[in-house]
Amino acid sequence: MRLFEALLIGSNLVLLVVLLFMKNRKIGLGAGFAAVCTLSAHLIWEGYRWQLAPSYLASVILFILVAIRMYRNPKSVNLRKKTRYIGYFILTVLLGFSVFLAQAVPILVLPKPGGEAAVGTQLFHFTDSTRQDSYPNLPQNDRELMVRVWYPAKPQPGKGELLFPEDPAQFKKYKENFSGVFGLPAFILDYWKYTRGNSRLNAELLPASAPYPLVLISHGMGTGSVMQVSQAENLASHGFIVAAIDHTYSTAATLFPDGRITGFETKTPANDFYTYAKRVGAVWAADIQFVLSEMEHLNQDPKSSLKGMLDVNHTGIMGHSFGGGTAFNVTYSSDKIKAGIDMDGTLYDLEDKGQMPKPFMFLNSDKRSTLSAAIKNNEVPDSIRAQLVKEQQTMDNIAARNGQVIHIRGTDHFNFTDLQFYTPMLKYTGMTGDIDGYRGAALVNSYVLDFFTKHLKKNGGQPL
């Protein structure tokens, strides 16, 4: 809980004690005044959130009761003692419920990056005039992409950058888009507007004796780069430049500089997943190749703050879910990508792919371990069995050569994203596993850092 939130709960409890055990009007006046001041300070400096709504209601009721006691003869208030105590009990329940909600759905706090460098971030808007969007019922415009870049930076005072739009209208659209993807009422995501990362917007890049290796990130279907921030910040703090791509129309929401916000239009049919996935994957792969070319241009642009600091000859890629499968395809097919990581992503396109010729790592959840066992025991549907067997064989072949397949105990699909930090209650939905979110993130970040340090830097891997 934030400071004034905790003080608000405390001041309400004091008011309860005053009403129950104290008759002194001055004490009541002081407690009521303190509660009003605390509530005002919370709303002004921290901002409301719906999790505290029961506490706000309790504050109003308690203040009214204190005011009645102060300005009327207590004997004239015709309430039986039993009724009063039932009322006080209900108020106590309201406060307790508010504390529960505040802890169960807290303000997101991303883990601090583990490296020595501070982290800066910049947003880039790229337009690929050689391609047009081809989604039904949408304008056939040139393909536009938003890319957020993180990099080692000189230390800078102040708070980290807000992860969601600060403009109220833009944020409203953003949360409505995400709530639609997650199947939740929009108001539940209202507290996301307080979410900050650890990086500073447009901070000055930290000079180095050699360019920084580049790592690209491809998000999962229907989420966005905003769900991979902690991974990017951690890599940047250890001496990498990280570019996370928002694949337009495959994110929950993408904000463009002119204020446009696109939504999720890439709805993969369950009865023909692999065919449709290949078509969408081809678009994503082209996005990645285009962004890599744009990063190379930035590295040569005299006006760019990144000029000369990108080691584009040592480029890696990582992705989650559909982005992980895409990372596999791009690593296989692109000479510019030297190493890749798939975080719990299905390999949706294995045609014409032999042995992976480069270092590649699969970071899988517990559910993947269960799926492997189900394949061996013939417990998967016949319609997808052949594809799953081929996928398992591919991972086994890669592990036997220069790759790795790692299952992280206690994890589920979204333990490889920042969504696990938004509420510990996610594990009850099956979206995350039983592992503590921060512990799971630390393990994933350790494996990722070790892998890219070993294969993109000359000084080899770092211990976990």
Side-chain angles (χ1 to χ4, degrees), residues 1-9 12 35 38-63 90-110 159-197 219-227 229 246 251-256 259-265 267 414 417-432 437:
M1 295 181 72
R2 296 175 292 179
L3 174 61
F4 286 111
E5 290 176 352
L7 291 175
L8 175 62
I9 300 295
N12 283 335
T38 303
L39 177 59
S40 300
H42 159 65
L43 294 176
I44 292 171
W45 284 299
E46 292 179 336
Y48 86 97
R49 58 181 177 128
W50 63 265
Q51 294 91 324
L52 274 292
S55 182
Y56 302 153
L57 177 61
S59 296
V60 173
I61 295 173
L62 284 167
F63 184 75
I90 292 173
L91 289 170
T92 303
V93 170
L94 283 174
L95 292 175
F97 187 50
S98 201
V99 171
F100 167 76
L101 288 175
Q103 296 300 113
V105 192
I107 299 294
L108 178 141
V109 178
L110 290 182
K159 295 180 179 180
E161 177 68 6
L162 286 168
L163 298 187
F164 296 94
E166 194 167 2
D167 178 81
Q170 292 176 350
F171 176 72
K172 181 175 182 292
K173 178 65 174 176
Y174 231 79
K175 71 176 181 180
E176 288 173 350
N177 284 14
F178 269 95
S179 67
V181 170
F182 293 141
L184 297 170
F187 83 89
I188 288 182
L189 308 184
D190 195 58
Y191 72 104
W192 281 17
K193 62 188 172 187
Y194 304 121
T195 304
R196 293 183 180 273
H219 58 78
M221 183 66 73
T223 58
S225 62
V226 72
M227 292 299 167
V229 174
D246 272 336
T251 65
T254 298
L255 172 64
F256 290 93
R260 286 176 297 129
I261 296 178
T262 59
F264 182 47
E265 304 292 342
K267 299 174 177 62
F414 283 95
T417 73
D418 291 343
L419 192 62
Q420 63 187 327
F421 306 128
Y422 282 80
T423 169
M425 308 302 288
L426 273 182
K427 64 182 179 181
Y428 299 111
T429 69
M431 297 175 73
T432 59

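Side chains included, hydrogens not; waters and symmetry mates left out as well; all remaining heavy atoms used. The first residue of the sequence shown is numbered 1, and numbering continues consecutively from there.
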Starting from the C-alpha separation in whole Å, work towards a yes-or-no answer on side-chain contact (heavy atoms from CB on, under 4.5 Å) for Tyr194 and Leu108.
-> CA-CA 8 Å; Tyr194 304 121; Leu108 178 141; over 6 Å; no
Is the number of heavy atoms from other residues, nucleotides or ligands under 6.0 Å of Lys193 NZ greater than 12?
-> yes
Is it true that atom CZ of Phe187 has more than 12 heavy atoms of other residues, nucleotides or ligands lying nearer than 6.0 Å?
-> yes
Start with the C-alpha gap between Tyr422 and Met227, add the side-chain angles, then the distance that decides, and say whether side-chain contact (heavy atoms from CB on, under 4.5 Å) holds.
-> CA-CA 10 Å; Tyr422 282 80; Met227 292 299 167; 4.2 Å; yes
Quick one: do Asp418 and Leu110 satisfy side-chain contact (heavy atoms from CB on, under 4.5 Å)? Show the steps, please.
-> CA-CA 8 Å; Asp418 291 343; Leu110 290 182; 3.8 Å; yes
Please check: side-chain N/O of [X] versus main-chain N/O of [Y], any donor-acceptor pairing under 3.5 Å?
{"X": "Gln170", "Y": "Leu255", "answer": "no"}
{"X": "Trp50", "Y": "Ile188", "answer": "yes"}
{"X": "Gln51", "Y": "Val105", "answer": "yes"}
{"X": "Thr432", "Y": "Lys427", "answer": "yes"}
{"X": "Ser98", "Y": "Leu95", "answer": "no"}
{"X": "Arg2", "Y": "Glu46", "answer": "yes"}

Can you name the closest pair of heavy atoms from [X] and [Y] and give their distance?
{"X": "Gly263", "Y": "Asn177", "result": "CA-ND2, 3.6 Å"}
{"X": "Thr429", "Y": "Leu426", "result": "OG1-O, 2.6 Å"}
{"X": "Phe97", "Y": "Pro54", "result": "CD2-CG, 3.8 Å"}

Are side-chain heavy atoms of Phe414 and Thr223 found at a separation under 4.5 Å?
-> yes
Could you label the plane-to-plane angle of the [X] and [Y] rings as parallel, tilted or perpendicular, counting under 30° as parallel and over 60° as perpendicular?
{"X": "Phe182", "Y": "Phe178", "value": "tilted"}
{"X": "Tyr56", "Y": "His42", "value": "tilted"}
{"X": "Phe164", "Y": "Tyr174", "value": "perpendicular"}

Derivation and outcome, side-chain contact (heavy atoms from CB on, under 4.5 Å), residues Tyr48 and Asp190 | CA-CA 10 Å; Tyr48 86 97; Asp190 195 58; 2.5 Å; yes
